[in-house]
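Everything on this sheet refers to the single structure shown next.
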Amino acid sequence: MRLYDTARQAVVPFEPGPQVLMYTCGITPYDATHLGHAATFIAYDVLQRRLIDLGHSVKCVRNVTDVDDPLFAKARELGVHYLDLAAGEEARFERDMEALHALPVHSSPRASSAIPDIRGFIGMVLDRGFAYESGGSVYFDVSKFPSFGSVSHYSESEMIAIARERGGKVDDPNKRHPLDFVLWHPSEPDEPSWDTMWGPGRPGWHIECSALALRELGTTIDLHGGGSDLIFPHHECERAQSEAATGEPFVKHWMHVAMVYMNGHKMSKSLGNLVFVDALRREWDPRAIRLAIIEHHYRLEWEWDDTLMPRNKARLEHWSRGGHGESGVVDDVRAALDDDLNTPAALALIDEAAAKGLGVHDAAALLGVLL
RNA sequence: GGCGACGUGGCCGAGUGGCUGAGGCAAAGGACUGCAAAUCCUUCCACAUGGGUUCGAUUCCCAUCGUCGCCUCCA
């Protein structure tokens, strides 16, 4: 199968061994799952299904970021403990994913479960000389890592210029280099804090994924994913610290899922242009929601609009009318998926077969849609 | 500013180096109806702009313009 690799900026063969090690960045559970989240994880679900269909076993880890600023802020606002908020939202996310018929992932480790791993991981980075302590924080030393930027393809001078332009942490006097990022930093008074040999505090944003990937999957993983908004800085920093810690390649293949738009803008909480999965599935068959998502190619940005659900409800009914006899379209669907996960083409093939009155149950099942 | 994506008829949205071009919605006309709705039939309308490559481009390349995204909150 061929997939686009963000780091190589090209569609390249993706030919993992019998067991595929896969890590996708999950959610920060402080609010309901919206279409953008669903689209991301459904894309990886379709990938997983095809890999299993090809005979692989897939070990997919999807973390839950339950130690993070937006979660603390929301918990503060609601007056609840951040872990209570996280547990509730995580459960809601799981229900949404289950309703959309997503395969269960191998594990969904929480950042809060990884503090000992993070401590050890930071120790590794420090021991190998890629990080330094300063002012109660531990920073990654970007100057020691020349290939910083090779995932996102920003040059160092560009990143510095941007950082300087935006102000903020560039001028942090504890930093040696403006692009150095935090591995560990002191907590605010009302934030959780853990003791370490370099001082009390909490993990930096990127470190949990590196520590969890190492803990659950080992030094080198086959495929790492997430939303395209995570490419920089998150995945750039993650790769740097992981390779610094282990000395081994971190990720063989980077796969990012494009953003979903609504009313011409990226679906985001600040704009309020959100469609929540739990609200949507009160009104529509979850299979139709899945179809509405995979009607789009994972790598292209797309816009949510009101015609999507009626159209895909009709599509679902159309497909269901065929008999159980198989049409031979399954192999065409496989070929479409192997071509950079071309789900729009796969749907078109099935539409066509269904229009001829052929059975498309197996082909639909390959996409995670049980008729 | 850097990087990236995109720009197809009123709207959404496939697709292809060659009589130019799915499908859906909308609209118009007709059939049907007591009148409508629904349904069915028919019709209308497009490949951002300028170059280049080519026998020939909407499709490939370059530039321009435009829209949008990312740039340490974000799937």
Side-chain angles (χ1 to χ4, degrees), chain A residues 4 6 9 24-44 62-65 68-74 93 96-97 139-140 142 148-149 151-170 172 175 178-182 185 204-206 225-238 240 255-271 274 277 292-293 295-308 310-315 318 342 344-345 347-349 351-352 355:
Chain A
Y4 185 85
T6 306
Q9 295 181 296
T24 65
C25 286
I27 56 159
T28 299
Y30 66 99
D31 210 339
T33 315
H34 62 64
L35 245 302
H37 299 119
T40 299
F41 301 118
I42 291 303
Y44 294 109
R62 184 173 64 208
N63 67 300
V64 174
T65 304
D68 202 9
D69 293 313
L71 179 62
F72 299 154
K74 186 74 181 285
F93 171 73
D96 285 338
M97 286 297 109
Y139 295 92
F140 186 84
V142 167
F148 192 75
V151 176
S152 60
H153 304 286
Y154 297 122
S155 74
E156 184 174 294
S157 62
E158 286 164 356
M159 290 189 270
I160 293 170
I162 293 159
R164 182 158 292 136
E165 183 183 316
R166 298 281 166 143
K169 295 172 185 168
V170 180
D172 182 344
K175 281 180 168 184
L179 292 180
D180 289 351
F181 56 93
V182 162
H185 57 124
W205 176 30
H206 318 297
S228 64
D229 52 353
L230 296 179
I231 296 170
F232 187 88
H234 185 54
H235 288 161
E236 196 66 69
C237 295
E238 218 183 299
M255 172 175 160
H256 292 97
V257 180
M259 299 291 104
V260 179
Y261 292 70
M262 191 170 167
N263 304 328
H265 297 282
K266 177 182 151 186
M267 208 174 262
S268 73
K269 293 179 175 99
S270 57
L271 292 170
L274 299 170
V277 175
I293 290 170
E295 178 184 301
H296 306 89
H297 189 266
Y298 80 93
R299 209 144 56 73
L300 299 176
E301 298 154 347
W302 55 280
E303 173 95 13
W304 179 265
D305 71 77
D306 293 338
T307 67
L308 239 27
R311 180 163 70 243
N312 282 285
K313 177 177 184 274
R315 170 178 268 145
H318 185 217
N342 193 345
L347 295 205
L349 288 165
D351 284 343
E352 203 180 320

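Quick note on labels: first sequence line is chain A, next is B, and so on, each numbered from 1.
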* Asked: When you measure from every atom of RNA chain B, which of residues 35-43 of chain A have a heavy atom less than 4.0 Å away?
  -> A:Gly36, A:His37, A:Thr40
* To do: Quick one: list whatever passes salt bridge (Lys or Arg N to Asp or Glu O under 4.0 Å) with A:Glu295, sequence neighbours left out.
  => A:Arg311, A:Arg315
When rounded to the nearest Å, what value does the distance between [atom1] atoms of [N] and [M] take?
N: B:rU67; M: B:rC60; atom1: C1'; value: 24 Å
N: B:rC47; M: B:rU58; atom1: C1'; value: 5 Å
N: B:rC68; M: B:rU59; atom1: P; value: 24 Å
N: B:rC61; M: B:rG17; atom1: C1'; value: 13 Å
N: B:rA5; M: B:rG18; atom1: P; value: 24 Å

* To do: For A:Lys313, look at atom NZ and say whether over 12 heavy atoms of other residues, nucleotides or ligands are found less than 6.0 Å away.
  => no
* Structure fact -> When A:Gln9 and A:Gly226 are each assigned the nearest nucleotide of RNA chain B, the 5'-most assignment goes to A:Gln9
* To do: Specify the residue among A:Pro233 and A:Ala348 whose closest nucleotide of RNA chain B lies further upstream toward the 5′ end.
  => A:Ala348
* A:Trp205 and A:His234 aromatic ring geometry - parallel, tilted or perpendicular at 30°/60° bounds -> parallel
* Choose from B:rA75, B:rC68, B:rC73 the nucleotide whose nearest atom is closest to any side-chain atom of A:Met267. => B:rA75
* What stems, by residue range, does RNA chain B take part in, given at least 3 consecutive Watson-Crick or G-U pairs under 3.5 Å? -> B:1-7 with B:65-71, B:10-12 with B:23-25, B:27-31 with B:39-43, B:48-52 with B:60-64
Figure out the [atom1]/[atom2] separation between [X] and [N], and round it to whole Å.
X: A:Ile231; N: B:rA5; atom1: CD1; atom2: P; result: 11 Å
X: A:His234; N: B:rU72; atom1: NE2; atom2: C1'; result: 11 Å
X: A:Lys313; N: B:rG24; atom1: NZ; atom2: P; result: 17 Å

* **Phosphate-side-chain proximity, A:Trp205 and B:rC74, N/O vs OP1/OP2 below 4.0 Å** => yes
* Asked: For B:rC70, does either OP1 or OP2 sit under 4.0 Å from a side-chain N or O belonging to A:Lys266?
  -> yes
* Asked: Can you check ring pair (Phe, Tyr, Trp, His ring centres under 6.0 Å) on A:His206 and A:Phe181, steps first, answer last?
  -> CA-CA 9 Å; A:His206 318 297; A:Phe181 56 93; 5.4 Å; yes
* So, A:His235 versus A:His256: side-chain donor-acceptor pair below 3.5 Å or not? -> yes
